[in-house]
Amino acid sequence: MKAILINGQPKYQNQFKFVFDINGNQTSTNGFTVEDWTKWEFKDVGEIPTYDYDTQKLGEWDDSGIVISKSVINKTAEVISDELSAAKTNAIKSFENDTDSLIREVVGERANEYLLAEEEAIAFKAGGYIDADVTPSISSDAIANGRTNTEACDLILAMAVSWRDAQEKVRANRLLAKAQVKVATLISEIAPIKATWDGFLATLRTQIVG
């Protein structure tokens, strides 16, 4: 989609059907080149976000005789800026909320419990897996799941390593997505960033939650 400022307001037009030239005169785009678009100072602004448009009938234009409809929207630069700012804020909030949701799903309110089990497992392994020195965090897991204290200890450590790795990946991808959103100049640039984040999160959730 192309946009141009006419009388201080951006005009969005369907570049394959009809367009306003630099003086605001309606014309057909048939046969126009990239050089023409550049000369008229039109700029590619990507897809227009979802709005309630006023639809105008522009008459029959193509060979099939179908009446072509065009969505027209006039916005001030201030409105466009405000909408972009709101879209950025919402996207960044979604990254944070998604992270919190994943943590609740995996850890819940038991973060301190898991941290204690990890610390005790590290100490138990460092001490040589001596059963006389086993702590409740390890022995309770061993009894509940029919494992030896050593097996329970190693499993606790393996799960801790897996979760630490997942946390690092979530942080790295979240910070990258937030940085990309912050420098976006068009609302249309935000959707692909969010889609990449959603895809990453879905894959990670499958790996650690199942």
Side-chain angles (χ1 to χ4, degrees), residues 1-3 10 12 14-16 43-53 71 73 75 77-126 137-138 140-142 144-145 147 151-210:
M1 190 67 71
K2 301 288 183 178
Y12 294 89
N14 187 323
Q15 60 176 307
F16 299 109
K43 301 185 184 302
D44 193 345
V45 296
E47 293 296 324
I48 295 178
T50 301
Y51 294 97
D52 291 328
Y53 298 135
S71 295
I73 179 171
K75 289 177 177 292
E78 183 179 1
V79 170
I80 294 175
S81 177
D82 289 344
E83 290 174 346
L84 176 60
S85 178
K88 288 184 176 184
T89 298
N90 291 337
I92 290 174
K93 283 183 178 179
S94 73
F95 301 147
E96 302 292 355
N97 291 337
D98 289 344
T99 299
D100 293 342
S101 177
L102 180 65
I103 293 174
R104 285 194 298 270
E105 189 174 354
V106 176
V107 179
E109 301 297 327
R110 299 176 299 281
N112 290 336
E113 175 187 326
Y114 290 153
L115 182 59
L116 177 61
E118 179 185 3
E119 292 174 347
E120 292 183 354
I122 291 173
F124 184 63
K125 181 178 181 179
S137 293
I138 300 171
S140 60
D141 184 286
N145 295 287
R147 304 184 181 106
E151 291 171 339
C153 174
D154 288 343
L155 184 58
I156 290 171
L157 293 176
M159 292 177 64
V161 169
S162 178
W163 176 237
R164 293 275 181 262
D165 179 65
Q167 284 180 305
E168 291 174 0
K169 290 178 179 177
V170 169
R171 176 176 172 77
N173 281 270
R174 185 182 72 250
L175 293 180
L176 176 61
K178 288 172 63 175
Q180 291 174 333
V181 164
K182 288 178 180 178
V183 299
T185 58
L186 301 171
I187 291 180
S188 59
E189 295 174 349
I190 296 178
I193 299 172
K194 185 64 166 65
T196 298
W197 164 260
D198 289 342
F200 154 73
L201 210 61
T203 298
L204 184 65
R205 179 176 277 105
T206 298
Q207 293 173 350
I208 63 177
V209 178

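Just so you know, these numbers use all the heavy atoms, side chains as well, and skip hydrogens, waters and symmetry mates.
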What one should report as the nearest heavy-atom pair of C153 and A121 is SG-O, 3.2 Å

Rounded to the nearest 0.5 Å, what's the gap from CZ on R110 to CZ on R104? Could you check?
13.0 Å

I need the minimum non-hydrogen distance between S188 and P192, along with the two atoms involved.
O-CD, 3.3 Å

To the nearest 0.5 Å, how far apart are CG in L201 and CZ in R174?
10.5 Å

Show me the pairs that pass salt bridge (charged side-chain N to carboxylate O under 4.0 Å, His left out) and involve residues 155-164, at least two apart or across chains.
E118-R164

From F95 atom CZ to Q180 atom CD, the distance as rounded to the nearest 0.5 Å:
8.0 Å

Rounded to the nearest 0.5 Å, the CZ atom of F200 sits from the CZ atom of R205 at a distance of 10.0 Å

Side chains of W197 and D98: donor-acceptor distance under 3.5 Å anywhere?
yes

Where A117 and S137 come nearest, the two heavy atoms and their spacing:
CA-CB, 3.8 Å

Check each of I156, L157, L155 against M159 using the side chain to side chain contact (heavy atoms under 4.5 Å, CB included) test, and report the only one that passes.
L155

Check: I92 main-chain N/O paired with K178 side-chain donor or acceptor under 3.5 Å
no

Would you sort out whether K194 and D198 count as a salt bridge (Lys or Arg N to Asp or Glu O under 4.0 Å), showing the intermediate values?
CA-CA 6 Å; K194 185 64 166 65; D198 289 342; 2.8 Å; yes

Closest heavy-atom contact between K182 and K88?
O-NZ, 2.7 Å

Point-to-point distance, once rounded to the nearest 0.5 Å, from CD of E120 to CG of L115
10.0 Å

Main-chain N/O of D82 paired to S85 side chain as donor or acceptor, under 3.5 Å
no

Here the pair of heavy atoms bringing I190 nearest to A87 is CD1-CB, 3.7 Å

Taking it one step at a time, do L176 and I193 satisfy side chain to side chain contact (heavy atoms under 4.5 Å, CB included)?
CA-CA 9 Å; L176 176 61; I193 299 172; over 6 Å; no

Using side chain to side chain contact (heavy atoms under 4.5 Å, CB included) as the criterion, point out the one residue from L102, N97, I103 that pairs with T99.
I103

Find the distance between NZ (K169) and OG1 (T203) and round it off to the nearest 0.5 Å.
10.0 Å

Which atom pair, heavy atoms only, marks the closest approach of L84 to A184?
CD2-O, 3.8 Å

